[in-house]
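Reading through the structure tokens given below for one structure.
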Amino acid sequence: MTPEVGTVLVLPAAAMVAAARDALVGRQRDIEVVAAALAAGRSILMEGPPGTGKTTLLRALAAGAGVGLVLVEGNAELSPGRLVGHHDPSRVLSEGYRDETFVPGPLLEAMTAGALLYVEELNRVPEETLNVLLGVLSERRAQVPRFGEVVAAPTFRLVAAMNPFDAVGTGRITPALYDRTCRVSVGYQTEEEERSIVARVAPGPTDLIGAAVRAVRLSRSHPDLRIGSSVRGAIDIVAVAGALGDIRSDGRDVGLDAALTALSGRVTVREGVARSAEDVVADIWAAATAPPPAGDSPGKAIGPDQPLPPLEVRTEAVNHR
Ligand SMILES: Nc1ncnc2c1ncn2[C@@H]1O[C@H](COP(=O)(O)OP(=O)(O)O)[C@@H](O)[C@H]1O
Ligand SMILES: [Mg+2]
């Protein structure tokens, strides 16, 4: 039996952590703190760029806790009526406003089922809708016009996510909302972790996975790009290259075309840069697939009876990211 804290039921932290560890590569700390906050009945704001495993984490935590996950994509069209629910207009015409004419939205669904409500891109949600969420955060109940009061089941939690680099509406997240949630900031994972993620989701040759991950990581620090690609881009390179390799029997430009297809729409060229995204991606792919400098590869180790290569003084800037 899980103990009750007021109207909030404690969620099983250990089971949540175990489920998330199985579902995710790395992210140990994030798993632990998000599980702890949810277990303790807190709502959470997760801040991080797209493709950093936020949805995957929430799905696993909900499954581990044995509660549902109701997913809502935040955008300008998410009106209070869409979030909370609304009366079916055609039925209202013939039957009038009745409980049966009410179509619950994701908020009410999650509140009554005791599910986790996961609102992605919270910063894109209109002000009035944010205010509805604020009310629910403070009171664990919602006043629905012509329907009545809905009280959240004890396992209901709100989790919101937003991309801090999103130009849209990030400033609208009010101190009132921050004051009612815990916050976890998630960033990109290490190169090794990203390779493991790609290998799990899109199995492929090790070399290709390595190059795909290198390419997306280069895109995040490329001087001509304002927005680089998440690990999703690397996943798509590997998947598209696999299928393209089957189509093109001579294997010509398979990696490059997969990279162009997977990345050119995901990256955003900086203002004032007179190059196309394709152009930059082609460069990145060339850099990602360039052979490592001689001596770096264990296969090319210099044996005792081989002459040493001439000493090379490197003066060009090296991009370490
Ligand atoms: N740490 C991780 N472990 C396993 N898969 C991951 C991880 N991070 C990202 N992914 C994979 O990358 C993709 C995007 O992850 P997702 O959870 O949808 O990111 P977000 O919700 O932050 O945009 C999914 O295919 C997911 O499986
Ligand atoms: Mg997501």
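Nothing here was measured: the structure is a model prediction, and the numbers come from that model. As a basis for the values below, the full set of heavy atoms in this structure was taken, side chains included, without hydrogen atoms, waters or symmetry mates. Whatever order the structure lists ligands and atoms in, that order sets their numbers, starting from 1.
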Original post:
Side chains of Gln189 and Thr52: does their closest heavy-atom pair fall under 4.5 Å?
Top reply: no
Original post:
Is there at least one pair of N or O atoms, one from Gly53 and one from ligand 1, spaced under 3.5 Å apart?
Top reply: yes
Original post:
Taking heavy atoms and a distance under 4.0 Å, where does Val231 meet ligand 1: side chain, backbone, both or neither?
Top reply: side chain
**OP:** Could you tell me the residue and atom name of the protein heavy atom closest to atom 3 (N) of ligand 1, and the distance to it rounded to 0.1 Å?
**Re:** Val25 N, 2.8 Å
**OP:** For salt bridge (charged side-chain N to carboxylate O under 4.0 Å, His left out), just list the numbers for Asp283 and Arg275, CA-CA rounded to whole Å, side-chain angles, deciding distance to a tenth of an Å, and then say yes or no.
**Re:** CA-CA 11 Å; Asp283 265 9; Arg275 296 180 75 185; 2.7 Å; yes
Original post:
Taking atom 22 (O) of ligand 1 as the point of reference, which of Glu121, Arg27, Lys54 owns the nearest heavy atom?
Top reply: Lys54
Original post:
With respect to atom 24 (C) of ligand 1, which of Asp30, Thr56, Thr52, Leu71 exhibits the smallest heavy-atom separation?
Top reply: Thr56
Original post:
What protein heavy atom sits nearest atom 23 (O) of ligand 1, and how far off is it?
Top reply: Gly51 N, 2.7 Å
Original post:
At a non-hydrogen distance cut-off of under 4.0 Å, which region of Ile235 contacts ligand 1 (side chain, backbone, both, or neither)?
Top reply: side chain
Original post:
Quick one: does Leu116's side chain get under 4.5 Å of Phe156's, heavy atoms only?
Top reply: no
Original post:
Heavy-atom contacts under 4.0 Å between Arg232 and ligand 1: side chain, backbone, both, or neither?
Top reply: side chain
Subject >> Closest approach of Val70 to Ala110 (non-hydrogen atoms, all atoms of both residues) >> reply: CG2-CB, 3.9 Å
Subject >> Ser264 side-chain N/O to Thr261 backbone N/O, donor-acceptor pair under 3.5 Å >> reply: no
Original post:
Does Arg195 reach the side chain of Arg200, with side-chain heavy atoms less than 4.5 Å apart?
Top reply: no
Original post:
Ignoring hydrogens and geometry, is there a side-chain-to-backbone donor-acceptor pair from Arg214 to Ala288 under 3.5 Å?
Top reply: yes
Original post:
Just wondering, are more than 12 heavy atoms of other shown residues or ligands nearer than 6.0 Å to CZ in Arg180?
Top reply: yes
Subject >> Heteroatoms of the protein, restricted to N/O/S, which lie under 2.8 Å from the Mg ion (ligand 2) >> reply: Thr55 OG1, Glu120 OE2
**OP:** Using distance alone, decide if ligand 1 has a nitrogen or oxygen within less than 3.5 Å of any nitrogen or oxygen in Ile197.
**Re:** no
Original post:
Under 3.5 Å, is there a donor-acceptor pair between the side chain of His87 and the main chain of Arg146?
Top reply: yes
Original post:
Strictly under 4.0 Å, does any heavy atom of Gln189 approach an atom of ligand 1?
Top reply: yes
Original post:
Is a donor on one side and an acceptor on the other found under 3.5 Å between the side chain of Glu95 and the backbone of Val92?
Top reply: no
Original post:
Non-hydrogen atoms of Pro50 versus ligand 1: any pair closer than 4.0 Å?
Top reply: yes
Original post:
Can you tell me if Ala23 has a non-hydrogen atom under 4.0 Å from ligand 1?
Top reply: yes
Original post:
Thinking salt bridges, do Arg266 and Asp236 make one under a 4.0 Å N-O criterion?
Top reply: yes
Subject >> Donor + acceptor pair across side chains of Asp99, Thr101 (<3.5 Å) >> reply: no
**OP:** Output yes when the distance from some N or O of ligand 1 to some N or O of Thr55 is under 3.5 Å, and no in every other case.
**Re:** yes
